Amino acid sequence: MCQNHHCFIVPPHILEGLAKRGNLDCKRTLNDTYRILHKRNTALDNLLIRELIPAKGDRFIFDSQNKYEQRVLLIRKEKDPDVEDRTVNEAYDTSGFVRAYFSGIFGLNSIDNEGLDIICNVHYGQGYNNAFWDGDEMTYGDGDGVEFTNFASAIDVVAHELVHGITQFLANLEYQGQSGALNEHFSDVFGTIIKQKYLKQSITEADWLIGDTVVTEKFPGKAIRSMKSPGTANDFDAQPDHMDNYYTGMADNQGVHINSGIPNKAFYLSSIELGIDDCALIWFNTLKKLWRTAKFNDMMEISVETAQELQKQGGINPVASKVIEQSFAQVGLTQVMA
Amino acid sequence: MNYKIRIEVGFAGISKEYVGEVIMGRKEKDNLKRVLIKKIENTNPKLRDGFVYSIDLWGENFEHRMTYDESNLPESVRQWIEKTIEKSG
Ligand SMILES: [Zn+2]
């Protein structure tokens, strides 16, 4: 019905409507349209040139040498032996673990499924309390040593940032409001899954915390976020665990790191019932079907549909879709009957 | 010169705000003003978890507000922010 080349002349709001009704061609076109638009707008950006170079998903770890600059000094690349700098080795190992997880479980070829090189910058800035994805690469600060420490060494932080890249290429979720909170949600979901795999923990052994190893003893809390109990990880943690407490302010791009607590809690509840592997499969396949402006209700509907499809194929727990529906209902998200 | 510096978003999603008064020499003040009134040319919509830096400056016939992200924060403004925060203790 709707061929890709026809979709380009269809206005984005119509594409969004069709994507929502399950038209994957339109969803792909919609995401491509925005990507192409952005590329056009940044034609002078040398990042485009980088994209033309064929890549194999290799790791490149750069030392920012405490400058606020990226790609300052290449310290270790794919297949290189350990180096003296422990942070470089940890960034290399954790990035490799995340890459191997997505390749082994979902057959994903690096971040973009086309072998995009995995670029990590460590020792960014001076006492820099952050880690970020910039559209092409990851950057990690050392932390100020007072409240935060060594972001590049934390498996959940590295997975979280790398998954921002995966989300960019699979669903391109807009970074504001509910779509932004979903963007954060998927990063936390795979951050916590990969952390459990890395530490060889079962779901009952796991602490379901995000960023517990990047906070110091002086930090007023045990972690950055909690999937199990959103809003309890630290004194500043304002994450709700139910739609009744949905944040409606403008801060944090309309609460992308705040309202993500709601789907995070739904994921936790689903995982406790179904196990983390079934949930990983459902969530990854859901992400592939989402689109730029998807909201919480879209996510819920698509994840239930995805679970039903996977159930039919016999690959997951036969009650998965029901469990997911109930988990979302517990956080105040229920399906609107057509 | 009065200032309010707000650093928000980031991986942790924890906002920090610094408010106070800073004494600057004329040259330093002029240099800062010159940078602050420049139009921001490059914003990066693909940035995730990057800090957002909002700066309010007022007093002495000058009132200005500017917001930067991690990809377009001028080095001189970053240095000024770091210095001012350090001084504020
Ligand atoms: Zn994030």
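Hydrogens, waters and symmetry mates are skipped; everything else that's a heavy atom, side chains included, is used. Below, chains carry the letters A, B, ... as their sequence lines are ordered, and counting in each starts from 1. Values in this document were obtained by computation on a predicted structure and should not be read as measured data.
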Next on the checklist: Is A:A238 in contact with chain B via its backbone, its side chain, both, or neither, using a 4.5 Å heavy-atom distance?
Outcome noted: neither
Next on the checklist: Using heavy-atom distances under 4.5 Å, tell me whether A:E161 contacts chain B through its side chain, its backbone, both, or neither.
Outcome noted: side chain
Checklist entry - Does A:E114 CD have over 12 foreign heavy atoms under 6.0 Å away? => result no
Item to check | Spacing of B:E70 atom CD and A:T139 atom OG1 [to the nearest 0.5 Å] | outcome: 8.5 Å
Next on the checklist: Does atom NZ (B:K33) have a neighbourhood of more than 12 heavy atoms from anything else shown, all under 6.0 Å?
Outcome noted: yes
Checklist entry - So which residues of residues 21-31 of chain B are in contact with chain A at a heavy-atom cut-off of under 4.5 Å? => result none
Checklist entry - Hey, are B:Q79 and A:Y68 close enough side-chain-wise for a donor-acceptor pair under 3.5 Å? => result no
Checklist entry - Should we count CD of B:E17 as having more than 12 external heavy atoms under 6.0 Å? => result yes
Checklist entry - Roughly how far, to the nearest 0.5 Å, is the CG atom of A:D134 from the OG atom of B:S71? => result 8.0 Å
Next on the checklist: Please identify, among A:V157, A:N183, A:N129, A:N130, the residue contributing the most non-hydrogen atom pairs under 4.5 Å to chain B.
Outcome noted: A:N130
Checklist entry - Where on A:Q70 is there a heavy atom nearer than 4.5 Å to chain B: the side chain, the backbone, both, or neither? => result neither
Next on the checklist: Does any backbone or side-chain atom of A:D237 lie under 4.5 Å from a heavy atom of chain B? Answer side chain, backbone, both or neither.
Outcome noted: neither
Checklist outcome for this item: So CD1 of B:I14 and CZ of A:F219: to nearest 0.5 Å the spacing works out to 4.0 Å
Next on the checklist: Could you tell me if the side chain of A:F132 sits less than 4.5 Å from the side chain of B:F11, heavy atoms only?
Outcome noted: no
Next on the checklist: I'd like to know if A:E147 and B:K16 make a salt bridge, using a cut-off of under 4.0 Å between side-chain N and carboxylate O.
Outcome noted: yes
Checklist entry - Which bit of A:I258 is near chain B, if near means a heavy-atom gap under 4.5 Å: side chain, backbone, both or neither? => result neither
Item to check | B:D49 vs A:H257, side-chain contact (heavy atoms from CB on, under 4.5 Å): CA-CA, chis, key distance, verdict | outcome: CA-CA 9 Å; B:D49 295 328; A:H257 294 87; 2.7 Å; yes
Checklist outcome for this item: Bottom line for A:Y124: the part with an atom under 4.5 Å from chain B's heavy atoms is side chain
Checklist outcome for this item: Sorted by chain and residue number, the ring-ring contact (aromatic ring centres under 6.0 Å, His included) partners of A:Y198 (sequence neighbours excluded) come out as A:F97
Checklist entry - Can you tell which of A:H160, A:E184, A:E174, A:E69 has the highest number of heavy-atom pairs within less than 4.5 Å of chain B? => result A:H160
Checklist entry - Is the NZ or CZ atom of B:R48 positioned over A:Y175's six-membered ring, under 6.0 angstrom from the centre and within 45° of the axis? => result yes
